[in-house]
Amino acid sequence: MREIAPWPDFEGHPIMEGDRIIHPSGDSGFVVHIPDASDDTERWRVDYGHGSTRSLLIEVGEKGRATVVDETGSAQ
């Protein structure tokens with residue numbers, strides 16, 4: 001079972017581990033849950049590939065404005 005993130009995306013939709021999120025710029029990454037991390041900001045990350053990860057909280061906030069992508073490839 002996939003874990004649910006403690007924060008919604010920028011539009012208020014729930015986020016689950018493995019979801020792809022996309023920014024208005026078109027950049028996207030996959031949500032990663034690291035269960036043994038010290039706190040939620042480290043436990044929930046976005047993997048942009050090439051070893052680059054960022055805190056999910058920042059990516060879905062006012063600065064990142066990311067939203068979850070649904071199965072058809074469009075933003076929810």
Side-chain angles (χ1 to χ4, degrees):
M1 187 165 142
R2 298 188 310 159
E3 295 289 326
I4 299 173
W7 314 286
D9 72 6
F10 189 71
E11 294 180 346
H13 301 110
I15 304 170
M16 298 181 77
E17 66 179 307
D19 282 350
R20 185 163 67 98
I21 62 169
I22 190 165
H23 295 273
S25 67
D27 291 341
S28 69
F30 290 91
V31 176
V32 178
H33 180 246
I34 306 166
D36 57 346
S38 60
D39 62 33
D40 280 344
T41 58
E42 291 300 318
R43 211 170 281 129
W44 289 94
R45 309 288 293 175
V46 180
D47 183 351
Y48 290 97
H50 309 293
S52 175
T53 67
R54 294 186 222 146
S55 172
L56 176 62
L57 178 60
I58 293 169
E59 303 304 284
V60 297
E62 189 64 38
K63 185 176 179 181
R65 305 173 70 97
T67 57
V68 173
V69 176
D70 70 19
E71 293 80 25
T72 63
S74 61
Q76 284 189 348

Only pairs under 3.5 Å count here: list side-chain donor-acceptor contacts from residues 28-38, not counting sequence neighbours, and write none if there are none.
unit_1: Ser28; atom_1: OG; unit_2: Arg20; atom_2: NH1; d: 3.2

Checklist outcome for this item: Here the gap from His13 atom NE2 to Asp19 atom CG, rounded to the nearest 0.5 Å, amounts to 11.5 Å
Item to check | Over all atoms of both residues, closest heavy-atom pair of Gly64 and Pro24 | outcome: O-CD, 3.7 Å
Checklist entry - Do Glu3 side-chain atoms and Glu17 backbone N/O form a donor-acceptor pair below 3.5 Å? => result no
Checklist entry - Among all residues two or more places apart in sequence or in another chain, which pass the salt bridge (charged side-chain N to carboxylate O under 4.0 Å, His left out) test with Asp47? => result none
Next on the checklist: According to a hydrophobic-cluster definition based on side-chain heavy atoms being under 4.5 Å apart (Ile, Leu, Val, Met, Phe, Trp, Tyr only), do Val69 and Ile4 belong together?
Outcome noted: no
Checklist entry - Taking it one step at a time, do Phe10 and Ile21 satisfy side chain to side chain contact (heavy atoms under 4.5 Å, CB included)? => result CA-CA 10 Å; Phe10 189 71; Ile21 62 169; over 6 Å; no
Checklist outcome for this item: side-chain contact (heavy atoms from CB on, under 4.5 Å) with Ile15: of Val60, Val46, Thr67, only one passes, and it is Val60
Item to check | Donor-acceptor pair, side chain of Arg45 and main chain of Thr53, under 3.5 angstrom | outcome: yes
Next on the checklist: Tell me whether Asp39 contacts the main-chain N or O of Glu42 through its side chain, where contact means a donor paired with an acceptor under 3.5 Å.
Outcome noted: yes
Checklist entry - Looking at CG of Leu56 and CG of Asp40, how far apart are the two atoms once the value is rounded to the nearest 0.5 Å? => result 10.0 Å
